[in-house]
A.B. asks: 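Dropping a structure here in structure tokens format, bear with me for questions.
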Amino acid sequence: MTLMVTFCNAQGLHSATTLQSQHANSTHRKLLQQASCRAEEISISQTQIPGTGIPKYAVEIVNTCTSDCAPSQIHVHCGQFASAEVIPKSIFTRIADDDCLVIGGETLKSNDVISFTYFNTFKFPISFKSAHFC
């Protein structure tokens, strides 16, 4: 029997290990175990854009994980998020108090960047809450 395990280390480098059994009557099977992404690999940044009138903020949400197993159903803490300008629900939507959904729950692939701006008198604290990792 052949066992192949692939994993991703802290630097995002993939390693593979192959183990072989000496059983004469065993069937040859391969098991490929891919590393999944972690919450720490979903980066959220927010900056204020200079201007006059209602303050404007830019938000970027990035998947820095290099695994093929991308997260979906990404939820973020967002307080009672609101904007003076409409943000498409396909990008970012508040679904409950302190619960906003990113890109309608779709998969955020490796190195994908979701960005949007919003207008409000103060900056909302936006941070990772949960996601589905394969």
Side-chain angles (χ1 to χ4, degrees):
M1 176 188 286
T2 301
L3 174 64
M4 184 171 186
V5 180
T6 303
F7 60 93
C8 181
N9 66 17
Q11 289 78 30
L13 301 174
H14 293 279
S15 298
T17 304
T18 303
L19 305 172
Q20 294 201 359
S21 174
Q22 298 299 322
H23 297 290
N25 294 329
S26 68
T27 59
H28 296 285
R29 296 181 187 181
K30 291 185 180 180
L31 172 64
L32 179 62
Q33 181 182 27
Q34 292 187 347
S36 63
C37 298
R38 299 179 318 238
E40 297 81 23
E41 294 169 310
I42 297 177
S43 171
I44 302 172
S45 62
Q46 188 172 187
T47 56
Q48 185 171 354
I49 298 170
T52 59
I54 300 173
K56 183 177 184 178
Y57 301 92
V59 178
E60 282 192 352
I61 302 171
V62 182
N63 176 10
T64 62
C65 179
T66 58
S67 170
D68 289 337
C69 182
S72 62
Q73 294 298 318
I74 300 170
H75 291 256
V76 296
H77 293 287
C78 59
Q80 294 193 355
F81 184 85
S83 175
E85 181 178 73
V86 176
I87 299 169
K89 291 184 179 200
S90 61
I91 296 176
F92 191 82
T93 186
R94 190 179 96 181
I95 57 176
D97 270 354
D98 200 34
D99 188 9
C100 290
L101 184 62
V102 178
I103 58 173
E106 295 296 319
T107 301
L108 184 61
K109 295 178 183 162
S110 180
N111 295 315
D112 275 0
V113 177
I114 302 303
S115 60
F116 63 91
T117 58
Y118 70 93
F119 291 88
N120 202 308
T121 55
F122 61 91
K123 180 169 85 171
F124 285 96
I126 298 175
S127 62
F128 180 82
K129 183 175 187 176
S130 67
H132 173 75
F133 298 98
C134 359

A.B. asks: With sequence neighbours excluded, give me every side-chain hydrogen bond (donor to acceptor under 3.5 Å, both in side chains) pair touching residues 45-61.
C.D. replies: Gln46-Tyr118
A.B. asks: Do Glu106 and Ile74 come close enough that some side-chain heavy atom pair is under 4.5 Å?
C.D. replies: no
A.B. asks: Side-chain contact, heavy-atom cut-off 4.5 Å: His75 with Ile95?
C.D. replies: yes
A.B. asks: Any donor-acceptor pair under 3.5 Å linking the side chain of Arg94 with the backbone of Gln80?
C.D. replies: yes
A.B. asks: Of all the heavy-atom pairs spanning Pro71 and Ala131, show the shortest one and how long it is.
C.D. replies: CB-CB, 4.3 Å
A.B. asks: Answer with yes or no whether the hydrophobic clustering places Leu101 together with Phe92; edges join I, L, V, M, F, W, Y residues whose side-chain heavy atoms lie under 4.5 Å apart.
C.D. replies: no
A.B. asks: Taking atom CD1 of Ile103 and atom CD of Gln73, what is their separation to the nearest 0.5 Å?
C.D. replies: 9.5 Å
A.B. asks: I'd like to know if Phe119 and Ile87 are part of one continuous hydrophobic network [Ile/Leu/Val/Met/Phe/Trp/Tyr, side-chain heavy atoms within less than 4.5 Å].
C.D. replies: no
A.B. asks: Does Ser83 use its side chain to pair, donor to acceptor, with the backbone of Glu85 at less than 3.5 Å?
C.D. replies: yes
A.B. asks: Nearest 0.5 angstrom please: Lys129 NZ to Ile44 CD1, how far?
C.D. replies: 12.0 Å
A.B. asks: For the residue pair Asn63 and Ala70, what are the closest heavy atoms and their distance?
C.D. replies: ND2-CB, 4.3 Å
A.B. asks: In Å and rounded to the nearest 0.5 Å, what is the CG to CD1 distance from Asn120 to Ile54?
C.D. replies: 8.0 Å
A.B. asks: Should Ile42 and Val62 be counted in the same cluster of Ile, Leu, Val, Met, Phe, Trp and Tyr side chains packed under 4.5 Å apart?
C.D. replies: no
A.B. asks: Side-chain heavy atoms nearer than 4.5 Å, only ILVMFWY residues, links allowed to pass through others: does that put Phe122 and Val76 together?
C.D. replies: yes
A.B. asks: Check Cys100 against Phe81 and note the closest heavy-atom contact, atom names and distance.
C.D. replies: SG-CB, 4.0 Å
A.B. asks: Is it the case that the side chain of Ser110 and the backbone of Cys65 share a donor-acceptor pair, with hydrogens and angles ignored and the cut-off at 3.5 Å?
C.D. replies: yes
A.B. asks: With no hydrogens and no angle check, is any side-chain donor or acceptor of Asp98 less than 3.5 Å from a backbone partner on Cys78?
C.D. replies: yes
A.B. asks: Roughly how far apart are Thr64 OG1 and Glu40 CD, rounded to 0.5 Å?
C.D. replies: 9.5 Å
